K.L.:
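Before anything else, here's the structure in question.
Treat the numbers as computed from the prediction; the structure is a model and nothing was measured. Whatever order the structure lists ligands and atoms in, that order sets their numbers, starting from 1.
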Amino acid sequence: MNESPQVAALGLDRTRRVAMILVVVSGLTLVGIALWRVATTPTSQTVTPEIMGTTTHLTAVGRRADLGPALDAAQAALRSVNRTMSTYDPSSELSRINAGQSPDDIAPELGAVLEFGLHMSSRTDGAFDATVYPLVQLWAKAAAAGRPPDDAELADARSHVGWRKVSLTMDPLNPQPATQPGGRRWVLRMPVGTQITLDAIAKGDAVDLAVAAMRTGRHLAGGMVEVGGDLRCFGRPADGGFWRVGVQSPWEEGRVLMRLRPLTDSGELCVCTSGNYRRYYEIAGKRYSHIIDPATGEPADAVPSVTVIAPSCMKADGWATALSVLGVEKGLKLVEQESGVEAMFVTGTKDNPEYHYSSGFKKYVIEE
Ligand code: AMP
Ligand code: MG
């Protein structure tokens, strides 16, 4: 049976319409897939705000929509640590404690960092000592006055220094509910005149907390936070390779001595460098390290730089400072006993640098 021309035309029309719809739908699908790929292909965003009196680098890698909020959360964490533990801000909780205010019930995060500081002191036989603050201030004042401190000034400052003067306990009768961060109520006791700086570990703590804040509630492909020489990364950079962490020369700003890489698929790596090239006192044309040997009250100038790898950035930060005081021989002996901690000292001169490694450090070095 023949179709009438009208019906045939209708049939043709329908075929054409269906074809057009198919073209439009597949076009939209392609556009949709392209947009979805743009939205879900890992891309990265970096911000470099100045926080804690130093330059910072924060990078998040993941879905575009996650990046801004991840970086905001990380910056908020850095600022929060600074508000609590800064010695430069007179309104920080630590500054108020140092000014002699009742140290009962200190913030759990401050308690946790100070507890780690005291642990570092006992591990390093006092080479790490958060109570060096009177000496730090003395040397800063001396630098401003343009002359080293005299013996009487040194002896006075030293009389207030000593980590055993600090008692940090958990109040067993009045613990904080377990839902509080840290879940403990810390009670701090120390004699009048004793003052604390947590500058040697607060940056590392801030980096750890910033990375945790970046990741909370999101599936980032990777990320990295660096605050003045303290760095933590995880996952992968946007190119899908692995993170490469440059170790700077203590003599030439911006010159990279070697690059380190994470060893596991998690991409996790914590690296801190302590050295007298970033921050130092200058008195009568001579540079002095900002790291003080608590045993002598003098700046610890023997080691130009120490780089430490550890399971957390706070730990790496603490060890990097302590090893600067301990020096190569004593330092390497102690590090070998510390599981998960590896160190590399740089000594010598710009033209003749010498490297001293703990037994597990070199496996992180990228052969180039
Ligand atoms: P970092 O840059 O991590 O090595 O920390 C150095 C800062 O920690 C100094 O600017 C001081 O405020 C403080 N500090 C100096 N000497 C010591 C020490 N022996 N133990 C603990 N903190 C120290
Ligand atoms: Mg440190």
Side-chain angles (χ1 to χ4, degrees), residues 52-55 81-82 85-89 92 94-95 98 113-143 157-158 160-166 194-208 226-232 248 250 270-282 287-310 312-327 330-331 334-335 341 343 345-346:
M52 307 181 92
T54 183
T55 50
V81 171
N82 201 39
M85 291 173 222
S86 169
T87 46
Y88 301 91
D89 172 3
S92 76
L94 185 58
S95 293
N98 282 337
V113 175
L114 180 55
E115 184 190 41
F116 179 70
L118 294 170
H119 163 76
M120 279 301 301
S121 298
S122 91
R123 286 290 298 120
T124 61
D125 199 16
F128 185 101
D129 191 334
T131 67
V132 289
Y133 195 43
L135 284 163
V136 170
Q137 288 169 295
L138 178 65
W139 280 94
K141 227 173 60 192
R158 287 180 68 191
H160 299 298
V161 174
W163 63 279
R164 288 197 166 85
K165 296 177 195 286
V166 177
T194 297
Q195 293 188 320
I196 289 169
T197 171
L198 294 172
D199 285 359
I201 42 177
K203 266 190 287 152
D205 176 51
V207 168
D208 289 334
E226 189 256 338
V227 177
D230 291 12
L231 182 146
R232 181 168 186 146
Q248 276 209 29
C270 299
V271 183
C272 292
T273 300
S274 260
N276 48 21
Y277 58 98
R278 270 175 197 271
R279 281 164 46 217
Y280 50 83
Y281 308 115
E282 195 162 322
R287 281 187 183 190
Y288 294 87
S289 172
H290 66 293
I291 298 170
I292 309 282
D293 182 347
T296 61
E298 305 276 339
D301 282 309
V303 180
S305 93
V306 185
T307 296
V308 176
I309 297 170
S312 79
C313 222
M314 177 159 76
K315 196 164 192 181
D317 197 356
W319 275 101
T321 305
L323 294 177
S324 301
V325 174
L326 288 163
K330 275 196 213 159
L334 259 194
V335 161
V341 179
F345 292 74
V346 184

K.L.:
Distance under 4.0 Å to a non-hydrogen atom of Ala200: what atoms of ligand 1 satisfy this?
P.N.:
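Taking each heavy atom of Ala200 in turn, ligand 1 has 3 (O), 5 (O), 8 (O), 21 (C), 22 (N) under 4.0 Å.
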K.L.:
Indicate the atoms forming the closest heavy-atom contact of Phe128 with Gly318, along with that distance.
P.N.:
CD1-O, 3.6 Å
K.L.:
Any heavy atom of Pro294 closer to ligand 1 than 4.0 angstrom?
P.N.:
yes
K.L.:
Other residues, nucleotides and ligands only: do more than 12 of their heavy atoms fall within 6.0 Å of CG on Asp89?
P.N.:
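Correct, the count exceeds 12.
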K.L.:
Please compare Leu323, Asp293, Leu326, Thr321 and report which has the shortest non-hydrogen distance to atom 1 (P) of ligand 1.
P.N.:
Thr321
K.L.:
Just verifying a value: how many Å separate Leu94 CG and Asn82 CG, rounded to the nearest 0.5 Å?
P.N.:
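The distance works out to 11.0 Å.
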K.L.:
Which is it for Ile291 and ligand 1 at heavy atoms under 4.0 Å: side chain, backbone, both or neither?
P.N.:
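Both backbone and side chain.
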K.L.:
Could you tell me the separation between the CD1 atom of Ile309 and the SG atom of Cys272, rounded to the nearest 0.5 Å?
P.N.:
10.5 Å
K.L.:
I need the atoms of ligand 1 closer than 4.0 Å to a non-hydrogen atom of Ser274, numbered in the order shown.
P.N.:
1 (P), 3 (O), 4 (O)
K.L.:
Got an N/O contact under 3.5 Å between Val136 and ligand 1?
P.N.:
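Looking only at distances, the answer is no, because the N/O contact criterion of under 3.5 Å is not met.
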K.L.:
To the nearest 0.5 Å, what is the distance between CG (Leu135) and CZ (Arg158)?
P.N.:
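Reported to 0.5 Å precision, the distance equals 7.5 Å.
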K.L.:
With respect to the Mg ion (ligand 2), what is the nearest N, O or S atom of Asp317?
P.N.:
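Considering only N, O and S atoms, Asp317 comes nearest to the Mg ion (ligand 2) through OD1.
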K.L.:
Starting at CZ of Arg164, measure out to CG of Leu118 and round the result to the nearest 0.5 Å.
P.N.:
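Here the rounded value is 10.5 Å.
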K.L.:
When you measure from the Mg ion (ligand 2) to the N, O or S atoms of Ser274, does any of those distances fall below 2.8 Å?
P.N.:
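No.
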K.L.:
With a 4.0 Å cut-off on heavy atoms, is Ala127 touching ligand 1?
P.N.:
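For ligand 1, residue contact (heavy atoms, under 4.0 Å) with Ala127 is present.
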K.L.:
Please check if the number of heavy atoms outside Lys330 that lie under 6.0 Å from its NZ is greater than 12.
P.N.:
no
K.L.:
With a cut-off of 2.8 Å, does Ala200 place any N/O/S atom under that distance from the Mg ion (ligand 2)?
P.N.:
yes
